[in-house]
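Scroll down for the structure; my scribbles are underneath it.
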Amino acid sequence: MEEVRMNIRGFQKVSLVDFPGVICTTVFTGGCNFRCGYCHNRELVLNPGNLPKYDKSEILQYLVKCTGKIDGVCITGGEPTLQKDLTPFIKQIKALGLKVKLDTNGTNPEKLEELIALKLLDYVAMDIKAPLHRYYLVAGVRCEAGKIQKSIEILAGSGIEHEFRTTLVPLLTEGDIFEIREMIPKERYVLQQFRVTNTLIDPALQDMAPWPPEMVKKIAAVVNAVVRGA
């Protein structure tokens, strides 16, 4: 049997918040193709080699041990779709009878489509960083807008549970949120509050105030969005 290799740099044994309605284990993969300034997983993105590495067999053994107590696994990052062996890893999780949620930035629509076609995903959360013409402002790197749009289309037509979510980093405006909503008009949309920590990728953001809660709730009502963390 071919060995499955995963660069796992974080492992939360039990989470009640990462997978809606599911008690899950959360796995953090190392490395990301974005450099979002507001990301508080700086080491996970920039220097994953500095973090402890977990063997995938350790994760699977824990899941077997917790049969009946854990209902699913959330695979997040970093960006999980950068992992060459993501598909066989998820197959091993599904073989245990567990549900799988994937967190992704949507830059790898081919992998997303493959995982959905193989019926390996039960829930997907895709981050929408900004309107497509302003992605660089938030993501910190140039990316192909067409890939983001393709991932949106794949999820919208997938038939599986999913959500699109935007972190309200102070770089965004109300108008940006309205533009994003037009990109995903009929889909579940989640607005997440920006959190100031000392581990942000862009330290300059530490001096920026989060959006006022009243403003967040007002915009959420207009765009029919769920609010988290505000």
Side-chain angles (χ1 to χ4, degrees), residues 4-36 38-106 108 111-112 115 120-127 160-167 188 190-201 226-230:
V4 176
R5 298 180 181 273
M6 290 287 294
N7 185 16
I8 299 172
R9 297 292 176 168
F11 173 37
Q12 185 175 349
K13 293 184 175 181
V14 180
S15 171
L16 303 178
V17 298
D18 290 327
F19 194 153
V22 175
I23 300 173
C24 74
T25 290
T26 302
V27 172
F28 298 84
T29 62
C32 188
N33 52 347
F34 277 177
R35 294 294 182 267
C36 305
Y38 67 83
C39 180
H40 58 273
N41 288 329
R42 182 169 61 200
E43 287 297 291
L44 192 67
V45 171
L46 301 179
N47 303 296
N50 292 342
L51 299 174
K53 186 173 184 179
Y54 297 85
D55 191 274
K56 65 94 182 177
S57 61
E58 177 182 353
I59 309 295
L60 294 172
Q61 288 170 9
Y62 171 78
L63 294 174
V64 170
K65 178 182 176 181
C66 291
T67 299
K69 298 178 182 178
I70 296 294
D71 301 315
V73 176
C74 173
I75 304 177
T76 188
E79 174 49 42
T81 63
L82 296 178
Q83 300 295 313
K84 177 178 176 292
D85 286 347
L86 179 62
T87 298
F89 178 58
I90 295 179
K91 285 181 177 180
Q92 292 178 332
I93 295 172
K94 295 292 286 183
L96 300 176
L98 298 171
K99 295 181 178 181
V100 173
K101 171 178 177 271
L102 176 71
D103 289 347
T104 181
N105 61 22
N108 193 342
K111 176 57 69 174
L112 183 61
L115 294 172
L120 294 178
L121 301 178
D122 299 280
Y123 198 105
V124 177
M126 176 179 162
D127 291 315
I160 66 172
E161 287 193 82
H162 61 276
E163 67 183 47
F164 297 98
R165 59 193 186 189
T166 298
T167 297
R188 175 178 168 84
V190 177
L191 297 178
Q192 299 182 145
Q193 184 59 288
F194 163 68
R195 293 188 293 121
V196 178
T197 73
N198 60 4
T199 60
L200 299 181
I201 287 180
V226 176
V227 176
R228 290 186 187 143

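Reckoned from all heavy atoms, side chains included, excluding hydrogens, waters and symmetry mates. From a predicted model like this one, the values you see are computed outputs, not experimental measurements. We count residues from 1, following the sequence as given.
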Subject >> Verdict with reasoning, Asp71 to Lys99, per side chain to side chain contact (heavy atoms under 4.5 Å, CB included) >> reply: CA-CA 6 Å; Asp71 301 315; Lys99 295 181 178 181; 5.8 Å; no
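- For the pair Cys36/Ile201, no side-chain contact is recorded, criterion being any heavy-atom separation below 4.5 Å from C-beta on.
- Residues Glu161 and Asp122 fail the side-chain proximity criterion, which asks for heavy atoms closer than 4.5 Å.
- Closest approach of Met126 to Gly106, counting heavy atoms only: CE-CA, 3.8 Å.
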Begin with the C-alpha distance, continue with both residues' side-chain angles, and end with the deciding distance and a verdict on side chain to side chain contact (heavy atoms under 4.5 Å, CB included) for Asp55 and Gln61.
CA-CA 10 Å; Asp55 191 274; Gln61 288 170 9; over 6 Å; no
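- Taken from CG in Leu115 to CG in Leu102, the straight-line distance is 6.5 Å, to the nearest 0.5 Å.
- Side-chain contact check for Thr29 versus Leu82: every heavy-atom pair is 4.5 Å or farther apart.
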Does Thr104 form a side-chain hydrogen bond (donor to acceptor under 3.5 Å, both in side chains) with Glu79? I'd like the steps, not just the answer. CA-CA 6 Å; Thr104 181; Glu79 174 49 42; 2.8 Å; yes
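- Proximity of Arg35 to Leu46: side-chain heavy atoms (C-beta onward) are separated by under 4.5 Å at one or more points.
- Of all the heavy atoms in Asn105 and Cys32, the pair that sits closest is ND2-SG, 4.1 Å.
- The closest side-chain heavy-atom distance from Val27 to Ile93 is not below 4.5 Å.
- Phe28 has its side chain out of reach of Arg9: every pair of non-hydrogen atoms, C-beta onward, lies at least 4.5 Å apart.
- When every heavy atom of Val124 is checked against every heavy atom of Leu121, the shortest pair comes out as CG2-CD1, 3.7 Å.
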| field | Criterion side chain to side chain contact (heavy atoms under 4.5 Å, CB included) on Leu112 and Thr81, from CA distance to verdict | value | CA-CA 8 Å; Leu112 183 61; Thr81 63; 5.8 Å; no
Practice task
Apply the test side chain to side chain contact (heavy atoms under 4.5 Å, CB included) to residues Leu96 and Val64: give CA-CA distance (whole Å), side-chain angles for both, the deciding distance (0.1 Å), then the verdict.
Solution key: CA-CA 7 Å; Leu96 300 176; Val64 170; 3.8 Å; yes
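- A donor-acceptor pair shorter than 3.5 Å can be found between the side chains of Lys111 and Thr87.
- With contacts defined as side-chain heavy-atom distances shorter than 4.5 Å, the pair Asp85/Gln92 does not qualify.
- Taking OH of Tyr62 as the reference point, atom OG1 of Thr67 lies at 11.0 Å (rounded to 0.5 Å).
- At least one side-chain heavy atom of Met6 sits less than 4.5 Å from a side-chain heavy atom of Leu86.
- For CD of Glu43, the number of neighbouring non-hydrogen atoms (other residues, nucleotides, ligands) closer than 6.0 Å is greater than 12.
- Contacts of Glu163 classified as salt bridge (charged side-chain N to carboxylate O under 4.0 Å, His left out), with partners at least two apart in sequence or in another chain: Arg188, Arg228.
- The nearest pair of heavy atoms linking Leu44 to Gly78 is CD2-N, 3.4 Å.
- When all heavy atoms of Phe34 and Val45 are compared, the closest pair comes out as O-CG1, 3.7 Å.
- Once rounded to the nearest 0.5 Å, the distance linking OH of Tyr54 with CD1 of Ile59 reads 8.0 Å.
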Please report, to 0.1 Å, the donor-acceptor pairs under 3.5 Å made by any side chain of residues 14-25, with sequence neighbours excluded.
{"unit_1": "Ser15", "atom_1": "OG", "unit_2": "Val17", "atom_2": "N", "d": "3.2"}
{"unit_1": "Ser15", "atom_1": "OG", "unit_2": "Asp18", "atom_2": "N", "d": "3.2"}
{"unit_1": "Ser15", "atom_1": "OG", "unit_2": "Asp18", "atom_2": "OD2", "d": "3.0"}
{"unit_1": "Asp18", "atom_1": "OD2", "unit_2": "Thr26", "atom_2": "OG1", "d": "2.7"}
{"unit_1": "Thr25", "atom_1": "OG1", "unit_2": "Lys13", "atom_2": "O", "d": "2.7"}

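- In this structure, Phe194 has its ring center at least 6.0 angstrom away from the ring center of Tyr38.
- Listed by chain and number, the residues in a salt bridge (charged side-chain N to carboxylate O under 4.0 Å, His left out) with Lys56 amount to none (sequence neighbours excluded).
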